[in-house]
Every structure is written in structure tokens, then in C-alpha cells.
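In what follows, a structure is listed as C-alpha cells, so that the remarks can point back to it.
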Amino acid sequence: MKVVLPDESQLELPDGATGLDAARAIGPKLAEQAVLVRADGRVQDLRLPLDDGQRIQLLTTRDKDDPDALAVLRHSSAHLVAEAVRRLYPGVKVAIGPPIENGFYYDFDFPEPIREEDLETIQAEVERELAEGREWSREEISRDEARKLFAAENEPYKIELVDTAEGDISLYTQGEFTDLCRGPHLQNSKPIKALKLTGLAGAYWRGDSTKPQLTRIYGTAFYDQKDLDGYLERLEEARKRDHRRLGNQLDLFHFDEHSPGSPLWHPKGMAIFNTLEDLRRRENAQRGYLEVKTPLIYDKALWETSGHWEKFRESMFLIPLEHDQVYGIKPMNCPGHMLLFGSALRSYRDLPIRYAEAAPLHRNELAGALHGLTRVRYVTQDDAHIFCTQEQIPAELDACIDYLRFLMGLFGLEPRAEFSTRPENKLGSDEEWDFSEGELQAALERNHMEYVVGAGEGSFYGPKIDLHITDVLGRSWQLGTIQLDRQMPARFGLTYMGADNAEHAVFVIHRALFGSFERFIGILIEHYGGAFPLWLAPVQVRILPVGEAHHDGAQTIALRLREAGYRVDVGEPTETIGKRIRTAEMEKIPFVVVYGDRESEESLAVRSRGGEQETLSLADFVTKLATL
RNA sequence: GCCGACGUAGCUCAGCUGGUAGAGCACUUCACUCGUAAUGAAGGGGUCCGCGGUUCGAAUCCGCGCGUCGGCUCCA
């Protein structure tokens, strides 16, 4: 048979030849360094046979940055960790250990809980294995044999995996450890030049909180020690951009233990918050939204009608009152907007009605889920509910997507779109979901939105178009969302009178484009590393009088700039000018104006963030600010 | 909520195996009146997260609670 190499040349091989055979046929050095073969674009273990006519690409230790090459290295590293753990902790049961972005993990069921300091012991054992060297061998066996093998090894998790695995069952063995594994794996452990265990965490078996909790050991590995060092440095750099750290440094917000998950916004953070709110209000008005305000608390009956009592109660703050009454603090605005819509007879001529409200919402998020501004209990969504006819759905969805793109474009953010379909705890029939999902998907296609499908990720009342973004530490967060809902208006008995003088069901599009101001600001802080563009910066210009004598002049300049609509403060001369400039730089203020004997309104010394200086008249400076 | 770690001055952190708390920055005062990333000196500031326990003695050891961090689950 023949295979095609990346340079288009053909390589003649005996039938049944493997990737490794192909490498040997090309050269011994290549065979030694090979870690993986890509056959017709799919990664494959070197030990597996190739097919006639396949285009193959051999990946070697020199492809040290290739994601597939790294994945195989890390997958094999995970197996080394499992071998080490089995040797060190007799009675431990192994579960699963895949490569992940930036590393790998392996889940174990330990007879006794282990602690973080145990990682050092395990790390040492893995290093011993690496020094000794390990070779991987692969074999395929029947399902029954696999069950027997793992029964004999007392590995119940492996047996469960055998039972649910698709396709042939393959085993990989290195040293004293044989694992059920699809592969691929390295030939041997020589390419693993750097391996570091990075963390310990609980993780439910199969990601199911009703199943036993296992102990997950995280690690990472590289083909080159330098790459590990670089990775750790990048983590450290990312940590500096963490919005929680910058929020404190830049005096934007803080959290207090008396209200976990609820930020206390400092004046500077509030300046950003308000800027976004102003943007929202202005743009909503342009786009035909109607601003409303609805109650923060409602009685239980309202939540029963909306379905929240059944589906969302655990995340709600409840207020017990006398006579067995219970009020719930709203976690969403939708029920209030339903009441608004239902407060009058609606004609088809009134639709669509777009109610907008950025009210504080409270969700009693699990304590362990809280995370700076990105996961809070006090959340402010830039919420709106569009009540429309079935025919109006496509145009309204298009308008939402356009709005979304406009907003994200302002920040240069490029979120990933996810189309989230019916969840397990859905309200409504499959037919209704078919329709709603169809509308959303069509809108995505029509607007050329690239998206992935999040099966079962939808809200309980409807499918969603979600926008996700990754924070500085690689964690994914949902920002905006557009959801199509026919359940809630139906539960509230909402209808409109059609041209046919008959009542029709009304549809609701729930949409939040920033998602929540809290999370969005958190993401913005990291996105800009705290160096906000002029229009978002809490302090846009700082005036620094050189000495006491320049106080009045500096105040006058500040006043003029404020009149022009900018956020300006004055750094009085209690410190040297050099110190005050340094402070302003650390606060990442976009412009600093030094005002001394040499300056006047006709000639200001303007320093841009970063150190660039120029001399401008006040009028020219205002003009310059306006263009940014 | 679950697993693991952590909680010392406003902030960042030091404080070995228990002997009664420290640095830098910030703050206050004084001197300096200053030109584009740190002037100098002095001073104030801590229920060592909370509650219990062990001990002659607890920031330090143990238990419980609260909070934070890394994950899991859940979610904007």
C-alpha cells in the first residue's frame, strides 16, 4: 500500500503497516522522535495500522507546540501519575485521566483523603518513573476480558467505563500500570521533559453531583522545560490582570463578608458602571425599547405562575412573612414584565413591545460558585423582554443580534456564540421547543453567526443564543443571551388581539446583551488590564499643579474640562511632581496635565498614559479628547 | 452545596518546631516648593477572621462556624 506524505511524495509500505512503520521507513531518527501520526487529519496512535492512500503526517518531539502533540504527551503523563498514585496509595481506585487545555488530570478514589502536600510525594514518584523511563504498549481485548481484568484489579470505575465505552476496547500498559484507554500515547516517556502537578480538587464521578466525589489531581507537561517555565510565567502575568486584583488596586469595588457575592462599588467602579448604563439607556431608546421599573419582591404565587418556584426556588432569596406568606426577591425581571404586558388588552398594532429594565437581581448562588464580579449574588442585567407575534420573531431576533454586535464591537470583544437547546428540566412540549429552537438557529444562520451547539444548556423556559468569553485565567463565562420563550407568557395567560379579532399567543424574547454589568465589567477590567479607554476610564484626566501657586490655575483647567463633560480630578502638591505622575500612571489614568509656571490655558503640558508628552492649548486638548 | 488550601495593619506579605507581633507601600506630622514613574525624617495604626478547646502560656496545636482562593456541580 501507499501513503502520501506532507510534501506530496508517496511512501510504499507493506499492507498493515503502522504509523511507526512509516516513520521507520523514512528514517531511524524520525522513528525515535515520533509521538503521533495524523492520518487524513485525524490523530492516531503510532502503533495502529494505516490505510492505503491515506495522507499522513508524523508528529515528533519537535512539534512541541502542536496541540495534538501536547495532548498525547499530557495524556501519557496522566498515566504516569496514575501509576505513581497506585504504587504510593494501595487500595486507591483509578477513574479517568484525560488531557485538557494546558495540561491533564487524573481522577482517583482514595481510601483516605489526600492533602495538597501529598502532591510533592506523588511528584517525586513520577520523577522517579521518568528517570527510570517507561514504554507504553497497546493491546486490544474483548469487553468480557476487560471486565474480568478490572474486576481482578478491583477497579469498579474502569468496569463502568468498559460497559459504556464505544468501539473496541484497548489497553495501554506502562511499567506496573495497565489502563483502559483509547489512546493515543507516546512510545515511551523520553519526550516528557517537564511535568508538574499543579493542583488538587474534588470532582464528581462523570461530572454528576449525585455520584461519588473523586479526588482530581491536575498537572501539566511539556516537551521542553523552557515551555513549562514560560507557561508558569504566563500564569503569573495573567494573575496580574485578574479583575479581583485590579479592582482592589484601582479602587473600583470590594466585597465584604457580611454580604458574600455582592460587590460594594467604589466611586471609581461606579463611574464605569454608570458609563455602561448610560450607553445602555441611550442605545435602548434609539432601538425602540421602553424603560420600565418593576418590584424587587413578589409573593410566592407569582413565582408559582412563572415557574420559578418549581425550577429556580433553590437559587432565590425568600422572605417569610406573617400568615404563612412568603415573598421572593426577584432573580429575574421577566415575571414583572409579564404583569406589565398583561395589565392591558394588547392589539397586534401594539406589538412588538420591548420592555427594558436594569434592575438589581438577587440569586442565592452556591457559596462555592462565587467568583469576584463574574459570579455574584447581586446581579444587574441589562435586561429586556420583547413581546411579539410569531411573525415578528425573525426580525426581532435579527435586531437583537445586530445590537449585540454593535455593543461588542465597541470593546473589540470577540465572544463565542453558543446555541443552547432544551434542558432536562424544561417547561413545555417537544413540539414547542422544536419551533423555538428552529427560530433561534435560523436567526444564527441568517446572520452568519458562527456557533457551537450546547445540547441541553437552554433555560427551563426556552432555548438560548449565548455569548461566551474566556477570562484571563482561561475560564469561560457567559455574557449576553437571547432567549425565545413561549412558556412564560402562556403561563401568565398573555395574548393579543389579532387583525382577525381573535386572541393569539404572544411570544417573548428575553435578552441581556452585556449579560450583567457586574460580569461584563469584570471581563472589561481583564480585557484592558485596567487601562480603560478614555470613555470608560473612571478618572479621565488628572491635573497636577506643580506647586501651591498653581492651585487656582489647575482648578480652573479642571473645571473647564468638567464642563466639557469629562471626569477630572486634581492631584494637589502634597508630594513631588514625580511621585504624583507615578501614582497617576499606576492608576492608569489616560491623561495627566502638569500645570506650572510654564503652562497656561494656551499651552498645557499633556502627558498620555505611558509617558508620551505634548503641548496643547486647552481648546485643542478638548478637541483631542473628543476624537478618542 | 461538595473536595482541597488559605485567613496576621487600609494593601502586599514575613513571623522555624507554642513564650505574648514585624517589613514595604499607604496614612498623619514636620522639613523640602518641587517639571513628567518613588524627597527625607518622625509618628500613628493590629479583638493575628469568629467562637470554643488543649496548655502555665495559642497568631502558632485541635474542633466548629464564617469568608476567600483552586476545582466540581450549578449559572448572567
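Naming: A, B, ... by sequence-line order, numbering from 1 per chain.
- Nucleotide B:C27 holds its P atom 14 Å from the CD atom of A:Glu572, rounded to whole Å.
- A distance of about 25 Å separates the C1' atoms of B:U17 and B:C49, rounded to the whole Å.
- Rounded to an integer number of Å, the gap from A:His254 NE2 to B:A26 P is 22 Å.
- There is a side-chain donor-acceptor pair under 3.5 Å between A:Arg511 and A:Tyr289.
- B:U33 sits 41 Å from B:A21 when the P atoms are compared, rounded to a whole Å.
- The pairing partner recorded for B:G45 is none, the criterion being a Watson-Crick or G-U wobble arrangement whose two distances lie under 3.5 angstrom.
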How does each nucleotide of nucleotides 34-48 of chain B score, in 5' to 3' order, for protein heavy atoms under 4.0 Å: base (B), sugar-phosphate only (S), or none (-)? BBBBBB---------
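- Taking the P atoms as reference points, B:G19 lies 11 Å from B:C61, given to the whole Å.
- Between A:Phe517 and A:Phe514, the two ring planes are tilted [angle within 30° to 60°].
- B:A31 is paired with B:U39 under the criterion used here, namely a Watson-Crick or G-U wobble arrangement in which both key atom distances are under 3.5 Å.
- Taking the centre of each ring, A:His371 and A:Trp477 come in below the 6.0 Å mark.
- Annotation: B:G46 and B:C13 have their C1' atoms spaced 15 Å apart (nearest Å).
- As judged by a 4.0 angstrom heavy-atom cut-off over every strand, A:Ala367 is placed among the base-contacting residues.
- In this structure, CG of A:Asn248 is placed 13 Å from C1' of B:C25, rounded to the nearest angstrom.
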Which is it for A:Glu601 and A:Ser617 under the side-chain hydrogen bond (donor to acceptor under 3.5 Å, both in side chains) test, yes or no, and what are the steps along the way? CA-CA 6 Å; A:Glu601 287 194 26; A:Ser617 70; over 6 Å; no
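- A:Phe108 and A:Tyr89 have their aromatic ring centers separated by at least 6.0 angstrom.
- Distance CD (A:Glu116) to P (B:G4): 11 Å, rounded to an integer number of Å.
- In this structure, a donor-acceptor pair under 3.5 Å is present between the side chains of A:Arg416 and A:Thr470.
- Ring-plane geometry between A:His385 and A:Phe387 is classed as tilted, the angle between the planes lying from 30 to 60 degrees on a 0 to 90 degree scale.
- Rounded to an integer number of Å, the gap from A:Glu117 CD to B:G70 P is 21 Å.
- Taking the ring centroids of A:Phe621 and A:Phe591, they lie under the 6.0 Å cut-off.
- Of the C1' atoms belonging to B:G35 and B:C16, the separation is 50 Å, rounded to the nearest Å.
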Under a 4.0 Å heavy-atom criterion, the protein footprint on nucleotides 71-76 of chain B, written with B, S and -, is BBBBBB
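- Rounded to whole Å, atom P of B:U12 lies 10 Å from atom CZ of A:Arg239.
- Taking the six-membered ring for Trp, A:Tyr461 and A:His510 have ring centres closer than 6.0 Å.
- Base pairing of B:C64 is made with B:G50, judged by Watson-Crick or G-U wobble geometry with both donor-acceptor distances under 3.5 Å.
- The partner of B:G22 is B:C13, by the rule that a Watson-Crick or G-U pair needs both atom distances under 3.5 Å.
- Atom CD of A:Glu236 has more than 12 heavy atoms from other residues, nucleotides or ligands within 6.0 Å.
- With rounding to whole Å, A:Glu112 atom CD is found 12 Å from B:G4 atom P.
- Only the P atoms considered, B:U55 is 16 Å distant from B:C62, to the nearest whole Å.
- Taking atom C1' in both B:C34 and B:G50, the straight-line distance is 48 Å, to the nearest Å.
- B:A59 and B:G53 are spaced 15 Å apart, taking the P atom of each and rounding to whole Å.
- Taking the ring centroids of A:His362 and A:Tyr378, they lie under the 6.0 Å cut-off.
- To the nearest angstrom, P of B:G1 lies 18 Å from CE of A:Met316.
- For B:G57, there is no paired base (Watson-Crick or G-U wobble, both distances below 3.5 Å).
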